[in-house]
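Each remark here refers to the structure printed beneath this line.
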Amino acid sequence: MNIEKLIADAAAGAVKELYGLTDASAVQIQKTRKEFEGDFTLVVFPLLKASRKSPDATAAEIGGWLTANTPEIGSFNVIKGFLNLSLKPEFWGERFAEMAADADFGRGAPTGKTVMVEYSSPNTNKPLHLGHIRNNLLGYSVAEILKECGNTVLKANLVNDRGIHICKSMLAWKKFGYGETPESSGMKGDHLVGKYYVEFDKHYQQEIKELMAAGQSEEEAKKNAPMILEAQEMLRKWEAKDPETYTLWETMNGWVYDGFAVTYKSLGVDFDRMYYESQTYLLGKSLVEEGLAKGVFYRRPDGSVWIDLTADGLDEKLLLRADGTSVYMTQDLGTAYRRFEDENLDALIYVVGNEQNYHFQVLKLVLKKLGYDWSDAIYHLSYGMVELPEGRMKSREGTVVDADDLVEGMVETAREMSQELGKLDNCTAAEADTIANMVGMGALKYFILKVDPKKTMLFDPRESIDFNGNTGPFIQYTHARIRSVIRKAAEAGIDYASTPAPGAYLPEEIELIKTLSEYPATIAAAGENYAPSLVGAYIYELAKIYNGYYHDHSILREEDAAVRDFRLRLSGQVASVIKKGMRLLGIEVPERM
RNA sequence: GGUUCCGUAGCUCAGUUGGAUAGAGCAGCAGCCUUCUAAGCUGCGGGUCGGGCGUUCGAACCGCCCCGGAAUCACCA
């Protein structure tokens, strides 16, 4: 039941009855701010023209009408033109019983829509780093939220498995690797390949230096260095399907995939569709033909194909090289088209860093100009860089924070902290591992997901990530404490589920019920805005309110069984919502910690 | 120069379509564990919401102009 709508409808009825106002848009209902008494507030300023009375008189009149005519509303007060309405306590009691009985509380009704979320999309020449973590966590969470909102969701990963950068690693391995493998070196496959990517650059830079010393300009040197020429030759061989090159490519990519699988598992992300660029990079050429035929694109004398977007404030953009080979944009046009056709998508969301804002702007525009209206259903979920205190991460300068290292470090820190606090004293080794894992990952994931994706965020490895305050562990801890109380209730043989409701509620209990009732709307808003941070902020707020309640009121020691059992049910519902919400962020919550 | 985005407390960040006295956490200070887990709770200090003009009964939020910062404008992906 949508409580806010109930109030809004009642208020609309009031102004219609009192002032003959039929336009409901002037009726604004919002939650009453904490410092005032009441549950919902009607702002009366927009209604003054119709009422032809002062703000306070208008508010009092509407308040009087509402209390007389709306059974749910118990009382009201007026402060400076704000009409604060309080619902009857038994109304909240009923709402609570309703949500406690609903196993799918917060889940939206099926929309019948299919949404694809493309995220992760790594290159196969180096391991994942902190930036990829933000991408993966965001993509996974947004997909889960959209699923919870009633959509059919396809998580897609488009692996960038071909190109000059892949050849660089391959070439360096061939020249300097002496047959090294993940098995022989004990290195994780993606790290091993990454090592040779760095190795390539080292030699390449050395060659550039030498060529420059021999009198070439930097530009010339970069073009003429033997390493880069060889890498380019290797790419040509790959495209010609030269058996030796192709085998090496398959082997090294295989190593990387094994490594990624481990990282994905530790991050807890998964995919429904895997795409490989080696299989999609030729797509899109027919769309280029189509664009030419429609006169949307044009061909230059050298044979290359372009679109002129200067009228839209952008530039001229290349869509096909003079030699007929495709570029990034060509492929993306093709894959988008293919996906909408094949999967019958209603929406396609790309979780890609903000350095590609321009690219997606162009992509949508080009598709639109080709006459594909589903272009509007493409959304680029753009996220900002993760910066270190020294500034941006640079692979070459070795200032990247490796994903595997970070995960391991977080879990280790969580383990140490748990030990220091004596939280693991009565645990088996397996339980301790589980807790350290949940807490460490919870801290990391919450830290990243609580900030607005658009914003560049700062990560300071030295200060590490907090475990106190507005953090994942804080929320997990709230859950663990509740579960502990409920375990104790079960041990004491208390059957609290079906005890009749108590006759009265504490203000704090009403506040908790009120907050719990906002959960479904929060999930809906998070889905509409692709914003996991809304879920995070909501759960934090809920946990904070609960912690105050837990501190001030005892549950099991309460003598009145009806009150005690209600408190158990209320606590259980808080734990349930925490668990549901955190799951949408990809965060697990422990039974104890 | 064009495009997109950001600027809120010492630091890291919230602030849902414009609504009441702008909020958290961290850091600092002062308190609370013979009572269900102190990874918790309570209190204190801390702000010209980058600046200006405008729209409005009302602006951190909307519009315009500046200032500062980021990304991008590759026949790389």
Side-chain angles (χ1 to χ4, degrees), chain A residues 28 30-33 35-36 41 43 45-46 48 55 79-82 84 121 123 158 160 162-166 277 281 302 304 309-310 312-323 325-329 331-332 353-362 382 384-385 387 392 414 417-418 420-423 439 443 447 450-452 454-460 463 466-478 480-489 521-522 525-526 528-529 531 533-534 536-537 540-541 544 547-548 550-558 567 571 592-593:
Chain A
Q28 293 176 23
Q30 54 195 254
K31 287 186 293 176
T32 301
R33 295 185 61 137
E35 57 266 39
F36 302 103
T41 296
V43 187
F45 294 106
L48 299 183
I79 300 169
K80 296 197 302 191
F82 292 86
N84 300 323
S121 302
N123 292 334
L158 174 55
N160 185 344
R162 63 166 284 280
I164 190 73
H165 51 292
I166 313 291
E277 212 187 281
Y281 79 109
D302 68 358
S304 57
L309 298 172
T310 49
D312 298 279
L314 304 177
D315 298 272
E316 292 178 80
K317 200 76 193 168
L318 176 83
L319 297 170
L320 203 64
R321 294 191 186 102
D323 63 7
T325 58
S326 52
V327 291
Y328 180 39
M329 184 60 69
Q331 298 171 44
D332 257 12
N354 64 9
E355 70 267 18
Q356 292 192 35
N357 285 357
Y358 194 86
H359 172 78
F360 283 100
Q361 217 181 334
V362 172
S382 165
M385 310 260 147
E387 284 187 350
R392 206 179 159 177
M417 198 161 294
S418 300
E420 269 171 42
L421 293 169
K423 304 284 187 184
V439 173
F447 178 84
K450 77 173 174 177
V451 338
D452 178 354
K454 280 199 301 285
K455 292 191 177 175
T456 305
M457 65 178 292
L458 186 90
F459 176 78
D460 189 342
E463 293 196 0
D466 264 313
F467 287 69
N468 301 317
N470 187 358
T471 66
F474 171 95
I475 296 165
Q476 290 172 318
Y477 179 67
T478 306
R481 280 207 304 200
I482 294 173
R483 297 301 303 166
S484 170
V485 173
I486 287 175
R487 269 197 308 276
K488 288 202 160 68
T522 303
E528 277 165 35
N529 298 296
S533 63
L534 294 182
Y540 172 63
E541 179 71 15
K544 211 167 44 139
N547 281 339
Y550 177 92
H551 181 266
D552 292 341
H553 306 284
S554 50
I555 298 167
L556 291 174
R557 303 178 142 263
E558 170 59 41
R567 290 181 179 176
S571 300
R592 70 184 79 213
M593 68 183 270

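By convention in this document, chain letters (A, B, ...) are assigned in the order of the sequence lines, proteins followed by strands, and residues within each chain are numbered from 1.
- Taking the C1' atoms as reference points, B:rC76 lies 39 Å from B:rC64, given to the whole Å.
- Distance CZ (A:R557) to P (B:rU34): 13 Å, rounded to an integer number of Å.
- Although no hydrogens or angles enter the test, the distance criterion places no donor-acceptor pair under 3.5 Å between the side chain of A:S484 and the main chain of A:A480.
- A:K317 comes within contact range of no nucleotide atom at all, as no heavy-atom separation falls under 4.0 Å.
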Could you give me the CA-CA distance, side-chain angles and deciding distance for A:I79 and A:F36, then say whether side chain to side chain contact (heavy atoms under 4.5 Å, CB included) is met? CA-CA 9 Å; A:I79 300 169; A:F36 302 103; 3.5 Å; yes

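- Using a 4.0 Å cut-off, no side-chain N or O of A:R487 falls inside it from OP1 or OP2 of B:rC36.
- If you measure from atom CE of A:M385 to atom P of B:rA70, you get 12 Å, rounded to the nearest angstrom.
- Closest approach to the A:M593 side chain among B:rA39, B:rA71, B:rC36 is made by B:rA39 (side chain taken as heavy atoms from C-beta onward).
- Taking atom P on both nucleotides, B:rC61 is separated from B:rG15 by 15 Å, rounded to a whole Å.
- As judged by a 4.0 angstrom heavy-atom cut-off over every strand, A:S382 is placed among residues making no nucleic acid contact.
- Close to B:rU37, at under 4.0 Å from its OP1 or OP2, lies a side-chain N or O of A:S484.
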A:M593 vs A:Q476, side chain to side chain contact (heavy atoms under 4.5 Å, CB included): CA-CA, chis, key distance, verdict: CA-CA 8 Å; A:M593 68 183 270; A:Q476 290 172 318; 3.7 Å; yes

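- The phosphate of B:rC76 (OP1 or OP2) has a side-chain N or O of A:R321 nearer than 4.0 angstrom.
- Comparing B:rA20 with B:rC57, their C1' atoms are spaced 13 Å from each other, to the whole Å.
- Straight-line distance between the P atoms of B:rG18 and B:rC67: roughly 29 Å, to the nearest whole Å.
- One can place CG of A:D460 at 14 Å from P of B:rA27, the figure rounded to the nearest angstrom.
- Without hydrogens or angle criteria, A:R567 side chain to A:S554 main chain gives a donor-acceptor distance under 3.5 Å.
- Counting to the nearest Å, the P atom of B:rA74 and the CD1 atom of A:I164 are 20 Å from each other.
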Polar atom pairs between nucleotides 1-3 of chain B and protein, under 3.5 Å, N or O only, would you list them?
unit_1: B:rG2; atom_1: O2'; unit_2: A:G313; atom_2: O; d: 2.9
unit_1: B:rU3; atom_1: O2'; unit_2: A:Q361; atom_2: OE1; d: 3.0
unit_1: B:rU3; atom_1: O2'; unit_2: A:Q361; atom_2: NE2; d: 3.1

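- Remark: the A:Y477 side chain and the A:N547 side chain contain no N/O donor-acceptor pair separated by less than 3.5 Å.
- Comparing the P positions of B:rG2 and B:rC41 gives an interatomic distance of 50 Å, to the nearest angstrom.
- Not counting sequence neighbours, the partners of A:S382 by the side chain to side chain donor-acceptor pair (under 3.5 Å) test are A:N357.
- Of the candidate nucleotides B:rU37, B:rU35, B:rC41, B:rC41 has the atom lying nearest to any side-chain atom of A:N547.
- Checked against B:rC36, B:rC76, B:rC6, the side chain of A:I555 finds its nearest nucleotide in B:rC36.
- If you take CD of A:E316 and P of B:rA74, they are 11 Å apart, rounded to a whole angstrom.
- Comparing the P positions of B:rA60 and B:rG7 gives a spacing of 15 Å, expressed to the nearest Å.
- Using a 4.0 Å heavy-atom distance criterion, A:A480 is classed as a base contact.
- To the nearest 0.5 Å, the span separating OG1 on A:T522 from CG on A:L534 amounts to 7.5 Å.
- Residues A:D466 and A:T471 have side chains that never bring a donor and an acceptor to within less than 3.5 angstrom of each other.
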Note, RNA chain B 5' to 3' with Watson-Crick or G-U pairs under 3.5 Å encoded as ( ), [ ], | and . gives (((((((..((((.....[...)))).(((((.......))))).....(((((..]....))))))))))))....

Scan nucleotides 42-47 of chain B against the protein and return all N/O pairs shorter than 3.5 Å with their distances rounded to 0.1 Å.
none

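- Atom CD1 of residue A:I555 and atom OG of residue A:S571 lie 3.5 Å apart, to the nearest 0.5 angstrom.
- Atom CG of A:L534 is separated from atom C1' of B:rU17 by 13 Å (rounded to the nearest Å).
- A parallel orientation is assigned to the rings of A:Y328 and A:H359, their planes being inclined by less than 30° (bins at 30° and 60°).
- Of the listed nucleotides (B:rA39, B:rG40, B:rC36), B:rC36 has the atom at the smallest distance from the side chain of A:V485.
- The backbone N or O of A:N470 sits less than 3.5 Å from a side-chain atom of A:K450, completing a donor-acceptor pair.
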When you check every protein heavy atom under 4.0 Å of nucleotides 19-26 of chain B, what one-letter string (B, S, -) results, 5' to 3'? BBS-SSSS

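- Put simply, CG on A:L320 and OG on A:S304 are 8.5 Å apart, with the number rounded to the nearest 0.5 Å.
- Considering only side-chain atoms of A:Y477, the nucleotide from B:rU72, B:rA14, B:rA39 that sits closest is B:rA39.
- Across all strands, A:D552 comes closer than 4.0 Å to no nucleic acid atom at all (heavy-atom distances).
- At a cut-off of 3.5 angstrom, counting only N and O atoms as typed in the model, there is no donor on one side facing an acceptor on the other between the side-chain of A:T456 and the base of B:rA71.
- Remark: C1' of B:rA71 and CD of A:E387 are 10 Å apart, rounded to the nearest angstrom.
- Under 4.0 angstrom from either OP1 or OP2 of B:rC5 there lies no side-chain N or O belonging to A:N354.
- Checking side-chain atoms of A:D323 against main-chain N and O of A:T325 turns up a donor-acceptor pair under 3.5 Å.
- Separation of the P atoms belonging to B:rG19 and B:rA59 is 11 Å when rounded to the nearest angstrom.
- For the pair A:K454 and B:rA71, the criterion of a side-chain N or O lying under 4.0 Å from OP1 or OP2 is not met.
- Atom NZ of A:K317 is separated from atom CD of A:Q361 by 10.5 Å, given to the nearest 0.5 angstrom.
- If you take CG of A:D452 and P of B:rC6, they are 8 Å apart, rounded to a whole angstrom.
- Between A:H551 atom NE2 and A:R481 atom CZ the span is 9.0 Å, to the nearest 0.5 Å.
- Residue contacts shown for A:L458 are limited to sugar-phosphate atoms, with no base heavy atom under 4.0 Å away.
- For A:M457, the side chain to side chain contact (heavy atoms under 4.5 Å, CB included) partners two or more places apart in sequence, or in a different chain, are A:R134, A:V386, A:F447, A:I448, A:V451.
- Residue contacts shown for A:F474 are limited to sugar-phosphate atoms, with no base heavy atom under 4.0 Å away.
- Heavy atoms of A:M457 sit under 4.0 angstrom from primed sugar atoms or phosphate atoms, though from no base atom.
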Residues A:T310, A:D315; criterion side chain to side chain contact (heavy atoms under 4.5 Å, CB included); working and verdict: CA-CA 5 Å; A:T310 49; A:D315 298 272; 5.6 Å; no

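- Look at B:rC32: its glycosidic torsion is beyond 90° from 0, and that puts it in the anti range.
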